[in-house]
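Input: a single structure, listed below in structure tokens.
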Amino acid sequence: MSSQFQAPKGVSEYFPPRSNAFEYVVRTLTSPALAAGYEPIELPIFEDTELFTRGVGESTDVVSKEMYTFEDRGGRSITLRPEGTAGVMRAVIEHNLDRGQLPVKLFYKGPFFRAERPQAGRYRQFYQFGIEAIGVNDPQLDAEVIAIAYQGYKRLGLTNFTLHITSLGDAESRAKHRTALVSFIEKLDLDEETRSRAAKNPLRLFDDKRSEIQSKMHSAPLLMDFLNEASKENFVAVKKALTAVGVPFEVNPRMVRGLDYYTGTTFEFVHSGLGAQSGIGGGGRYDGLMATLGGQNLSGIGFGLGIDRIILAMETEGISLTSMKYTDLYVVALGERAREESFVLVNQLRNQGFVVEQSYGERALKGAMKAADKSGARFAIVIGDAELSSGSIELKNMATGETVSVTLSGLAQTLAEKSRLL
RNA sequence: GUGGGCGUAGCUCAGCUGGUAGAGCACCCGGUUGUGGUCCGGGAUGUCGCGGGUUCGAGCCCCGUCGCUCACCCCA
């Protein structure tokens, strides 16, 4: 029980049966993105540290205290990626992906790293699925990105979640609001730490969970009320498009995102069954990011969805996660000669596309059948000397217990027919 | 970085005011010379997180330490 090595603190790990859910979730989230023409991009897990300090923003907690940063052997400062968008933008700029048809539509998945104190749904290594659509600023594209996330959650069977959206407007709107908000906050009685947080980004105070802060912020000026005409129209168009495709949302003018690059439409999916870390995904538009990183001045929009939290959410909703393993046939062989022959048979069936498992070694038949049951296989066969000489086997339906006689040579055919029936 | 809770079998946990370590599940074998799920019988499994202290005696009390966990800040 006291194993010599333990996984590093706060990492999420997946092993059977739960790992089946992990693969399934990633696959399911990917399909709506594929349906909308997004293409995969595979990127490094570590990047030049400056990519994040400049892209994500020095004032964010992510950059100022949560990055895994180290020096490589060449004396370069390297950081394990804490989020996905900055790396995607770097690759787009570096490889000139934005020189052709726009928008560039990409999706990615993989591990991300933040050196935080772990808690329920928060890990130091966690997994995200994300998409980015770069180079076009169209409210329909905003709605498309949000709808892709929404469809992913729905396909997984999730229901207890809410989509919060707001608009941070354009630079002009934000500047006006910031002035008003800062002068409002100056008049508040705040502790030193909170005040310094507000100095970095005054919007952060909207997101403070402490009730005394919330009540003080109750009458704070909302960015929503400072949107200029263009920003307002844009937000109306996004909402209209979402409604048109049946994506329900709640406008939440107090919503704040943790990364500094967001502008315009921002959104967050919140699940009700998760405890303190309830965000299962979020994203938004980023107007200045690409230029900040040395590329063209193109706008983009994207999201990141937390695979770990989605799996937790599915578990709290009682969505069955362990039944995602699928096996057509379990083969039990009795005796030396039968084991040799059945090994060949099993391989043939696998090559024909069936999912086939088998028993190994000499096992008691009862135990082997139990293993067949545990495997979740839909059918099982037993092969011994009798079957080899007669060429006929009993194909057993594990759910009903019924058996039918089939010839060894006709097994694949029969299996294929039975599969089609179910 | 700050605060709470918890470390006993593979898993979930019980263990009285200190007196020789338990249950359920899972696993293996058998009841049924070759057909799983239910039932019955049998079997294997523990540095009681680690180190020290108190005591005739510590899983239990005290100190330290490590780990896990939940929450705050923040976020997927």
Side-chain angles (χ1 to χ4, degrees), chain A residues 1-12 17 29 56 59-66 81-85 109-130 149 191 193-194 196-197 200-201 204-205 207-211 213 255-259 268-271 274-283 303-313 330-335 338 359 363-387 393-403:
Chain A
M1 82 136 286
S2 58
S3 53
Q4 196 179 354
F5 294 110
Q6 283 182 287
K9 188 184 186 71
V11 302
S12 60
L29 293 176
V56 178
S59 75
T60 60
D61 280 25
V62 169
V63 168
S64 63
K65 56 182 203 193
E66 295 169 3
R81 61 183 188 186
E83 61 94 54
T85 304
K109 62 191 183 303
F112 294 86
F113 305 84
R114 289 181 200 171
E116 302 178 271
R117 196 76 169 260
Q119 75 188 74
R122 187 170 71 188
Y123 308 98
R124 292 183 167 181
Q125 174 173 334
F126 57 99
Y127 293 86
Q128 282 193 6
F129 170 80
D191 61 273
E193 199 191 324
T194 309
S196 76
R197 262 197 317 130
K200 287 184 195 166
N201 184 348
R204 289 279 147 67
L205 293 201
D207 210 24
D208 202 303
K209 280 182 188 169
R210 292 170 295 182
S211 58
I213 303 290
M255 191 187 88
V256 180
R257 307 241 62 232
L259 311 180
E268 200 165 281
F269 290 88
V270 177
H271 195 273
L274 283 189
Q277 310 307 321
S278 57
I280 55 174
F303 64 59
L305 313 184
I307 308 292
D308 312 274
R309 290 185 187 173
I310 288 171
I311 291 172
L312 292 172
Y330 194 99
V331 178
V332 177
L334 302 174
S359 62
R363 266 196 102 170
L365 180 61
K366 178 169 178 158
M369 286 306 292
K370 213 168 173 177
D373 190 34
K374 285 278 157 54
S375 79
R378 288 173 39 223
F379 295 95
I381 59 172
V382 175
I383 299 183
D385 290 335
E387 285 78 8
I393 51 173
E394 297 295 314
L395 179 65
K396 181 165 190 169
N397 181 322
M398 294 302 280
T400 65
E402 294 173 84
T403 62

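Chain A is the first sequence line, chain B the second, and so forth, proteins listed ahead of strands; every chain is numbered from 1. Computed over heavy atoms, backbone and side chain alike; hydrogens, waters and symmetry mates excluded.
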Self-check item: Rounded distance in Å between the C1' positions of C16(B) and U35(B)
Solution: 49 Å

Quiz item: Between F126(A) and A76(B), do the rings stack, that is, sit under 5.5 Å apart with planes less than 30° off each other?
Solution: yes

Self-check item: Nearest-nucleotide pick for L259(A), side chain only, options being G36(B), G34(B), A76(B)
Solution: A76(B)

Quiz prompt | Check: G121(A) main-chain N/O paired with R309(A) side-chain donor or acceptor under 3.5 Å | solution = yes

Practice problem: May I ask you to say what N201(A) touches in the nucleic acid, namely base, sugar-phosphate or nothing, with a heavy-atom cut-off under 4.0 Å? | Solution: nothing

Quiz item: Do the side chains of M369(A) and M398(A) get nearer than 4.5 Å, heavy atoms only?
Solution: yes

Quiz item: What would the secondary structure line of RNA chain B be in dot-bracket form, counting Watson-Crick and G-U wobble pairs under 3.5 Å, with [ ] for pairs that cross earlier ones and | for pairs with another strand?
Solution: (((((((..((((.....[..)))).(((((.......))))).....(((((..]....))))))))))))....

Quiz item: Quick one: is R257(A) getting a side-chain N or O under 4.0 Å of the A76(B) phosphate, OP1 or OP2?
Solution: yes

Quiz prompt | Separation of C75(B) C1' from K65(A) NZ (nearest whole Å) | solution = 11 Å

Quiz prompt | Side-chain touch I310(A)/L29(A), heavy atoms, less than 4.5 angstrom | solution = yes

Quiz item: How many Å lie between OH on Y330(A) and C1' on G36(B), as a whole number?
Solution: 11 Å

Quiz item: Which is true for E66(A) with a 4.0 Å heavy-atom rule: it touches a base, it touches only sugar-phosphate, or it touches nothing?
Solution: sugar-phosphate

Practice problem: Tell me, please, which residues at least two apart from T60(A) pass side-chain hydrogen bond (donor to acceptor under 3.5 Å, both in side chains). | Solution: none

Quiz item: Which residues satisfy the side chain to side chain contact (heavy atoms under 4.5 Å, CB included) test with A399(A), sequence neighbours excluded?
Solution: N397(A)

Quiz item: Heavy atoms under 4.0 Å, any strand shown: does E387(A) hit a base, just sugar-phosphate, or nothing?
Solution: base

Exercise. Provide, to the nearest angstrom, the distance between the CD1 atom belonging to I381(A) and the C1' atom belonging to G34(B).
Key: 14 Å

Acceptor/donor pairs from residues 380-387 of chain A side chains to any protein atom, 3.5 angstrom cut, sequence neighbours excluded:
unit_1  : atom_1 : unit_2  : atom_2 : d
E387(A) : OE1    : G384(A) : N      : 2.8

Exercise. For G279(A), report the nucleic acid contact type (base, sugar-phosphate, nothing); a contact means any heavy atom under 4.0 Å.
Key: sugar-phosphate

Quiz item: Would one find a side-chain N or O of Q6(A) under 4.0 angstrom from OP1 or OP2 of G67(B)?
Solution: no

Quiz item: Expressed as a whole number of Å, how far does the C1' atom of A44(B) sit from that of A9(B)?
Solution: 11 Å

Quiz item: Looking only at atom P, what distance separates U32(B) and C50(B), rounded to whole Å?
Solution: 45 Å

Practice problem: Under 4.0 Å between any heavy atoms, over every strand shown, what does Y123(A) touch: base, sugar-phosphate, or nothing? Just pick one. | Solution: base

Self-check item: Rounded distance (Å) that lies between atom C1' of C27(B) and atom CG of D373(A)
Solution: 15 Å

Quiz item: Is a donor on one side and an acceptor on the other found under 3.5 Å between the side chain of R124(A) and the backbone of P118(A)?
Solution: no

Quiz item: If only side-chain N and O atoms of K9(A) are considered, is one of them under 4.0 Å from the OP1 or OP2 phosphate oxygen of C66(B)?
Solution: no

Self-check item: side chain to side chain contact (heavy atoms under 4.5 Å, CB included) partners of S359(A), counting only residues at least two apart
Solution: Y330(A), V332(A), A368(A)

Quiz item: For F129(A) and A76(B), what is the distance between atoms CZ and C1' respectively, to the nearest whole Å?
Solution: 14 Å

Quiz item: So what does A313(A) hit on the nucleic acid, given a heavy-atom distance under 4.0 Å: a base, only sugar-phosphate, or nothing?
Solution: nothing

Atom pairs, N/O to N/O, protein against nucleotides 29-31 of chain B, distance under 3.5 Å?
unit_1 : atom_1 : unit_2  : atom_2 : d
G31(B) : O6     : K366(A) : NZ     : 2.7

Self-check item: Atom-to-atom span, NZ of K396(A) to C1' of U35(B) - whole angstrom
Solution: 5 Å

Exercise. For K374(A), answer base if it contacts any base atom (sugar-phosphate contacts may also be present), sugar-phosphate if it contacts only those atoms, and nothing otherwise; contact means non-hydrogen atoms under 4.0 Å.
Key: sugar-phosphate

Quiz prompt | Value in whole Å for how far the P atom of U69(B) lies from CG of L274(A) | solution = 16 Å

Practice problem: With sequence neighbours excluded, tell me which residues meet side-chain hydrogen bond (donor to acceptor under 3.5 Å, both in side chains) with R257(A). | Solution: Y262(A), E268(A)

Quiz item: Which whole number of Å gives the distance between the P atom of G51(B) and that of C13(B)?
Solution: 25 Å

Quiz item: When the C1' atoms of G19(B) and C28(B) are considered, how many whole Å apart are they?
Solution: 35 Å

Self-check item: F129(A) CZ to K109(A) NZ distance, which is reported to the nearest 0.5 Å
Solution: 8.5 Å

Quiz item: Quick one: is C75(B) close enough that its OP1 or OP2 comes under 4.0 Å of any side-chain N or O from Q277(A)?
Solution: no

Quiz item: Using atom C1' of each nucleotide, how far apart are U20(B) and G5(B) to the nearest Å?
Solution: 32 Å

Practice problem: Report yes if some heavy atom in the side chain of E83(A) is under 4.5 Å from a heavy atom in the side chain of Q128(A); otherwise report no. | Solution: no

Quiz item: Got a sec, which residues hit salt bridge (charged side-chain N to carboxylate O under 4.0 Å, His left out) with D61(A), two or more places apart in sequence or on another chain?
Solution: K65(A)

Practice problem: Determine the contact category for I280(A): base if any of its heavy atoms lies under 4.0 Å from a base atom, sugar-phosphate if only primed atoms, P, OP1 or OP2 are that close, otherwise nothing. | Solution: sugar-phosphate

Exercise. Kindly write out the residues that satisfy ring-ring contact (aromatic ring centres under 6.0 Å, His included) with F126(A), not counting sequence neighbours, or none if the list is empty.
Key: none

Practice problem: Pick base, sugar-phosphate or nothing for A372(A), based on heavy-atom distances below 4.0 Å to the nucleic acid. | Solution: nothing

Quiz item: Who passes salt bridge (charged side-chain N to carboxylate O under 4.0 Å, His left out) against K366(A), sequence neighbours left out?
Solution: none

Quiz item: Distance between the C1' atoms of U69(B) and C56(B), in whole angstroms?
Solution: 38 Å

Practice problem: Could you pull out all residues at least two apart from S64(A) that satisfy side-chain hydrogen bond (donor to acceptor under 3.5 Å, both in side chains)? | Solution: none

Practice problem: Nearest whole angstrom, please: distance from the C1' of G36(B) to the CZ of R378(A). | Solution: 17 Å

Quiz item: How is G130(A) classified with respect to the nucleic acid when contacts are heavy atoms under 4.0 Å: base, sugar-phosphate, or nothing?
Solution: nothing

Practice problem: Return the 5'-most residue of the pair G281(A), A120(A) with respect to RNA chain B, ranking by each residue's nearest nucleotide. | Solution: A120(A)

Between protein and nucleotides 1-5 of chain B, what N or O pairs are separated by less than 3.5 Å?
unit_1 : atom_1 : unit_2  : atom_2 : d
U2(B)  : O4     : R117(A) : NH1    : 2.6

Quiz prompt | Separation between the C1' atoms of U55(B) and U17(B), rounded to whole Å | solution = 16 Å

Self-check item: Base of C75(B) paired with side chain of R204(A) (donor-acceptor, under 3.5 Å)
Solution: no

